[in-house]
Amino acid sequence: MHAPPRGLAYAIYYTVLAAIAVPVNLVAIVILSRGRCGLSRCVTWYLVSMAVADLLVIITAVILNRIPSIYFSASFLSITPVCSLSIALIYASRDSSVWLTVAFTFDRFVAICCQKLKTKYCIKKTAVVVTGMACSLGCLNSVPWYFIHEPIYIINNVPWYCKLKQIRYTSHIWTAFDWFHRILTPCTPFLLIILLNALTVRHILAASRGRRRFRAPGKGENQRDPEMESRRKSIVLVFAVSGSFILLRMTYVVQFFYERIANDYQIMGFSDPKFILQESGNMLQLLSCCTNTFIYAVTQSKFREELKNTVKYPLNVFGKLFK
């Protein structure tokens, strides 16, 4: 993310993304924080934390990095120390967002599949500790990225822009760190989310068969089962969030493995297929930071209700003022 493009298409994309992602994440934070969506305090904490992390990704990666590099190529943000700090913050917020998604997926796995552990684990106190650990991991893992950049130009003793130091490609330590960082985020979360979802589906199918077998005879196949309906709602939410996470980050993971296996890092220009693959991965990865709010609106009826009330409130205020 340290060499943003300057093409018109990219300029439009990142501007529109910022214009959409910031308000939708703010709306999600406000609505979920009220606690009126019928979700447990534990789930609410995770969803609010994820929305905050996604908002920080948009601010650091799009508003403070991509857009200034396109529209203001020689701003204060282009000075090397500031640029290096910006890159480190991008990694910190992005990694925190990724691991919060894993934490939320694991929480729902425990809630559905581990009834004995559920009462002790699926509580707000545990959620606060887990989100703190996830964010701390993301921040610590991003610190080395601040020190791996050097200026492209030095004008009047002021270092400008950021490029990777040559040691990044020649040092075994940096190569090992790079592999560790990429495996830790997002490759390991990919595997964990797929595994947890597979185990959850298996458990739900087994429980559904068992409940159907013990259902009282003569009441018909269409008898309502509140427990299974509650589980279905929960699993729709977690599958939508984790499925979106996997689909929108798949290109980024493919691009990473291609570069490392082929040992091919050189990009010849905007039309280079490697550049297109790399930037597509970045664009889709950043897009994932504004999809969760739409997922909540589609899957949660009470969230939709609160969203309507939130939209209507300022309209009602303006209406009263004009009257």
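The structure presented is a predicted model; accordingly, all values stated were derived computationally and were not measured. Computation of the quantities below employed the complete heavy-atom set of this structure, encompassing side-chain atoms and omitting hydrogens, waters and symmetry-equivalent molecules.
A side chain to side chain donor-acceptor pair (under 3.5 Å) with D54 holds for exactly one of S93, S97, S288; it is S97.
Taking hydrophobic clusters as Ile, Leu, Val, Met, Phe, Trp and Tyr residues chained together by side-chain heavy-atom distances below 4.5 Å, I193 does not share a cluster with M133. Hydrophobic cluster membership is shared by Y121 and L195, with clusters built from Ile, Leu, Val, Met, Phe, Trp and Tyr side chains linked at under 4.5 angstrom. At a threshold of 4.5 Å between side-chain heavy atoms, the hydrophobic network of Ile, Leu, Val, Met, Phe, Trp and Tyr places I123 and F104 in two separate groups. V298 and L237 fall into different hydrophobic clusters, where Ile, Leu, Val, Met, Phe, Trp and Tyr residues are linked whenever their side-chain heavy atoms come under 4.5 Å apart, directly or through other members. By the rule that hydrophobic residues join a cluster once side-chain heavy atoms approach within less than 4.5 Å of another member, I152 and Y146 end up as members of separate clusters.
Remark: R41 CZ is loosely packed, at most 12 non-hydrogen atoms of other residues, nucleotides or ligands lying under 6.0 Å away. The number of heavy-atom neighbours closer than 6.0 Å to CH2 of W45, taken from other residues, nucleotides and ligands shown, is 12 or below. Other residues, nucleotides and ligands contribute only 12 or fewer heavy atoms inside 6.0 Å of the NZ atom of K308. At most 12 non-hydrogen atoms from other residues, nucleotides or ligands lie less than 6.0 angstrom from CD1 of I173. Other residues, nucleotides and ligands contribute over 12 non-hydrogen atoms within 6.0 Å of the OH atom of Y71.
You'll find the side chain of C37 stays beyond 4.5 Å of the side chain of Q300, heavy atoms only. Taking the side chain as every heavy atom from C-beta outward, S69 and S78 never approach each other to under 4.5 Å. Taking 4.5 Å as the limit, every side-chain heavy atom of V22 sits out of range of all side-chain heavy atoms of V62. Between D107 and V238 the shortest side-chain heavy-atom distance does not fall below 4.5 Å. Inter-residue side-chain proximity for D95 and H181 is flagged as met; some heavy-atom pair is nearer than 4.5 Å. Side-chain contact between R34 and E306: present, with at least one pair of heavy atoms (C-beta onward) separated by less than 4.5 Å. At a threshold of 4.5 Å between non-hydrogen side-chain atoms, the residues P151 and W160 do not count as touching. Two residues are said to be in side-chain contact when any heavy atoms from C-beta on lie closer than 4.5 Å; I87 and C83 meet this criterion.
The shortest non-hydrogen separation linking T291 to S244 is OG1-OG, 3.1 Å. The nearest pair of heavy atoms linking L64 to L77 is O-CD1, 3.6 Å. Looking at every heavy atom in both residues, V57 comes nearest to L286 through CG1-CD2, 3.7 Å. When all heavy atoms of T251 and L277 are compared, the pair lying nearest together is CG2-CD1, 3.7 Å. When all heavy atoms of V82 and F76 are compared, the pair lying nearest together is CG2-CZ, 3.6 Å. What you find for L184 and W99 is that their closest heavy atoms are O-CZ2, 3.0 Å.
Between the CZ atom in R249 and the OG1 atom in T185 there is a gap of 9.5 Å [rounded to 0.5 Å]. Here CG of L247 is found 11.5 Å from CG of L287. Values are rounded to the nearest 0.5 Å. Rounded to the nearest 0.5 Å, atoms CD (Q115) and SG (C122) are 9.0 Å apart. Distance CD1/I90 to OG1/T60: 5.0 Å, rounded to 0.5 Å. Rounding to the nearest 0.5 Å places CG of L47 at 12.0 Å from CD1 of I31. Atom CZ of F109 is separated from atom CD1 of I235 by 10.5 Å, given to the nearest 0.5 angstrom.
Side chain of T131 to main chain of V128: a donor-acceptor pair is present (N/O by atom type, distance under 3.5 Å, no hydrogens or angles). Within the 3.5 Å criterion, the main-chain N or O of I183 finds a donor-acceptor partner in the side chain of T188. Counting only distance, with no hydrogens or angles, the side chain of K165 and the backbone of F147 share a donor-acceptor pair below 3.5 Å.
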Side chain to side chain contact (heavy atoms under 4.5 Å, CB included) evaluation trace for R304 with Y296:
CA-CA 8 Å; R304 288 196 300 273; Y296 307 151; over 6 Å; no

Pair M283-Y14, side chain to side chain contact (heavy atoms under 4.5 Å, CB included): steps then yes or no
CA-CA 8 Å; M283 292 166 72; Y14 288 117; 3.4 Å; yes

Please determine whether side chain to side chain contact (heavy atoms under 4.5 Å, CB included) holds for the pair T105 and L192, giving the CA-CA distance in whole Å, both sets of side-chain angles, and the decisive distance to 0.1 Å.
CA-CA 9 Å; T105 306; L192 288 175; over 6 Å; no

Should C187 and F257 be marked as a side chain to side chain contact (heavy atoms under 4.5 Å, CB included) after you check the CA-CA gap, both sets of side-chain angles, and the distance that decides it?
CA-CA 10 Å; C187 297; F257 279 109; 3.6 Å; yes

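Aromatic ring orientation, Y91 versus W145: parallel (interplanar angle below 30°, classes split at 30° and 60°). Using a 30° and 60° split on the angle between ring planes, F190 and F245 fall in the tilted class, from 30° to 60°. Aromatic ring orientation, F177 versus W174: perpendicular (interplanar angle above 60°, classes split at 30° and 60°).
Comment: R66 engages E279 in a salt bridge, judged by a side-chain N to carboxylate O separation of less than 4.0 angstrom.
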